[in-house]
Amino acid sequence: MRMTQSVWRALERELLVFVRTWRGSAFTAVVQPVLFLLAMGIGLGGLIDDGAGSASVRLDYLDFVAPGLLAASALLAVAGEALWGVMGGVKWMGQFKGMVATPMTPGDVYGGLVLSAGVRAGAAAIAFLVVAAVLGGVSSLWAPLAIVAAVLLAIVTMSALSAYAVRKEDDRTFPLIMRLGVIPMFLFSGTFFPVEQLPEVVQPIAVLSPLWHGVEVARDATTGTVDGWTLLHVGVLVAIAAAALPFGVRGFERRLTP
Amino acid sequence: MVDGPLHPDALVRARGLTKAFGDFVAVDGVDFEVRRGEVFGFLGPNGAGKTSTMRMISCVSPSTGGELSVLHLDPRTDGPAIRSRIGVVPQEDNLDTELSVWDNFIVYGRYFGLPRRVLRERAQELLEFARLTDRRDDRVDPLSGGMKRRLTIARALINDPDLVLLDEPTTGLDPQARHLLWDRLYGLKRRGVTLIITTHYMDEAEQLCDRLVVMDQGRIVDEGSPRELIHRHVTPEVIELRFAEPAEQEAALSSAGEAAERIEVLADRLLLYTRDAEATHRALAERSIEPLTELTRRASLEDVFLALTGRTLEE
């Protein structure tokens, strides 16, 4: 019970910081994906739907890319915060050290971070979904399930990347994680084109990408093709988060209460 | 160093307390006791083990040996319960700089599970305590160093703690800001709050502490009130002599002889410890010792530290 309450208090802090500083993060979380949606869905989509591309995506390109962007932007919005934000909290600004000087534990701090990533990604997904629906990129009443995809992806990203970041002394490797991990994942997880378009040898790699599972859930939801596979993708995301959590808790404990 | 039964008013008690990080022993079997209502100091240079000791008392760093009790509880098993009753002022401010002064109080108070109604009342009082009432709604980031420090101290009082730990509370502050902080700390003491302070400022330790321990290289080298320590290890007065050339200092040292009870040789000056400064001055004049500058002052904890360790605090 105590654990639940103090994680909630850590979440309160994260959400208050978000409320006070939302203008900065709103760009990455909502404006940027909407710009992508306009450029890719409407602009590029017009070309694809008229040409040979439509054969491979089997949908209007806008319908195809909207759920992809919704899921991918959850990953992008959270990744930077999980890396640099955590380094700020444990080292540069040290707020997390202040938190563990109270009855809060390192696990509470970590739990609050993970939950707040989920809450904020959920809010951003709702905003994005409304824009996408207005533009005609949502064709099913299952669409709200796509919000779950964004929330789960945010939780996976925060729990895994912050577990990594909290073990680092500085941010030297963080740009590398973004360039070699997050950005390729963003581009090759079925966000902009089906993974079947990739060379056959690399297709199995996409299956390892949490984003691919998130994109599949979001796409099943907004296009109304929810089935057993959708559930399986949800299960994979839950499993990754569950596997990352103990590493995160241990990492935060070692760093904040050495 | 702490023998016999537990002092009935001891809020913190350590016996053989040790903290090692791998092969490095930061705190090497220290014994001490902090009593209710007193200001207790850890005095020593950087790396003496003061902060590691403070972190064990504040239950954010488990000890690796010995015994420790805080507020009659065991930090190993009662960490959250102990932390709910103490206030911690770390060496470096860790405020939420993106939030306002007011928000900092409220958010921090929520970590203790305090209701918002209580927090609003306390935050208002603490704003006044920290002299930050007119900065209530300002973000923390642009505040001056002194203001941030006062906010950090005030924030540590949000849970109305029985015990407050202050790690180098005035490091990096200008003299005016330091004196304002001392004034606030006196105020806490008058209210009966027990304070534990680490410092490497001698004047701070002398001004604030009822009792202190001198730490060096992870060990406690002595303990007592500032006056007791000065009485035990040094004479009441000190004459500092500076010379134009090292050779002159050497010559003065060899001829000064019995002019003082003890002479410490530093790189840039001689310290003559004496019970009678005037007599020493006369003796120096008889020996034709003519320094470039000559300063007579009362002995301080700096001299105690030098006598105990053979080094100055700055080394």
Side-chain angles (χ1 to χ4, degrees), chain A residues 1-26 81 84-113 115-116 120 169 249-250 252-258, chain B residues 19-22 26 51-52 54-62 64 75-76 78-100 102-104 106-114 116 137 139-141 148 151-152 155-156 158-159 161 164-165 167:
Chain A
M1 188 62 195
R2 196 204 71 79
M3 183 58 140
T4 322
Q5 281 179 349
S6 41
V7 171
W8 175 253
R9 286 171 199 142
L11 175 63
E12 266 183 62
R13 182 244 174 206
E14 294 300 321
L15 294 181
L16 182 68
V17 172
F18 172 66
V19 167
R20 298 285 188 257
T21 60
W22 67 272
R23 286 176 193 84
S25 51
E81 207 176 312
W84 285 277
V86 165
M87 189 55 71
V90 296
K91 186 171 179 182
W92 298 324
M93 316 300 260
Q95 302 97 328
F96 298 166
K97 293 185 202 162
M99 292 170 82
V100 298
T102 72
M104 310 274 287
T105 64
D108 297 334
V109 176
Y110 175 62
L113 277 176
L115 285 183
S116 86
R120 284 177 296 155
E169 274 311 309
V249 172
R250 217 170 309 147
F252 273 70
E253 280 172 351
R254 281 188 197 153
R255 185 62 181 263
L256 292 172
T257 53
Chain B
K19 180 73 190 186
F21 298 97
T51 297
S52 294
M54 291 289 256
R55 289 176 57 77
M56 287 190 277
I57 300 171
S58 54
C59 309
V60 292
S61 176
T64 50
R76 282 171 300 189
D78 308 315
I82 294 171
R83 293 197 300 270
S84 72
R85 292 172 55 198
I86 63 177
V88 177
V89 178
Q91 210 171 103
E92 287 168 22
D93 296 328
N94 51 29
L95 297 160
D96 267 308
T97 51
E98 292 164 316
L99 299 179
S100 68
W102 181 260
D103 283 343
N104 264 274
I106 304 297
V107 164
Y108 203 72
R110 290 293 297 147
Y111 299 154
F112 292 89
L114 297 168
R116 287 175 189 278
D137 298 318
R139 277 180 60 223
V140 166
D141 209 20
K148 283 183 186 159
L151 176 57
T152 303
R155 189 183 69 161
I158 194 80
N159 58 327
V164 180
L165 299 125
D167 196 358

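Numbered from 1 within each chain, the chains take letters A, B, ... in sequence-line order. Computation of the quantities below employed the complete heavy-atom set of this structure, encompassing side-chain atoms and omitting hydrogens, waters and symmetry-equivalent molecules.
- Taking every heavy atom of both residues into account, B:D103 and A:R20 meet most closely at OD2-NE, 2.6 Å.
- Only the backbone of B:D93 comes within less than 4.5 Å of a heavy atom in chain A; its side chain stays farther off.
- In this structure, chain A has heavy atoms under 4.5 Å from both the backbone and the side chain of B:V60.
- Only the side chain of B:L99 has a heavy atom closer than 4.5 Å to any heavy atom of chain A.
- Atom-to-atom distance recorded for B:D96:CG and A:M93:CE is 8.5 Å, nearest 0.5 angstrom.
- Residue contact with chain B, scored on non-hydrogen atoms closer than 4.5 Å, involves the side chain of A:E12 exclusively.
- Under the 3.5 Å distance criterion, the side-chain polar atoms of B:R110 are left unmatched by any main-chain donor or acceptor of A:R13.
- For the residue pair B:R155 and A:G98, the shortest heavy atom distance occurs at NH2-CA, 4.5 Å.
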Derivation and outcome, side-chain contact (heavy atoms from CB on, under 4.5 Å), residues B:R83 and A:T102: CA-CA 5 Å; B:R83 293 197 300 270; A:T102 72; 5.7 Å; no
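- In this structure, A:M104 CE and B:Y108 OH are separated by 10.5 Å, a value rounded to the nearest 0.5 Å.
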side-chain contact (heavy atoms from CB on, under 4.5 Å) between B:E98 and A:V17, intermediate numbers included: CA-CA 7 Å; B:E98 292 164 316; A:V17 172; 3.3 Å; yes
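- The part of B:R55 that comes within reach of chain A is its side chain, from C-beta onward, which places non-hydrogen atoms under 4.5 angstrom from that chain.
- Using modelled atom types, no side-chain atom of A:T257 and backbone atom of B:S61 make a donor-acceptor pair closer than 3.5 Å.
- Heavy atoms of B:P62 lying under 4.5 Å from chain A belong to its backbone as well as its side chain.
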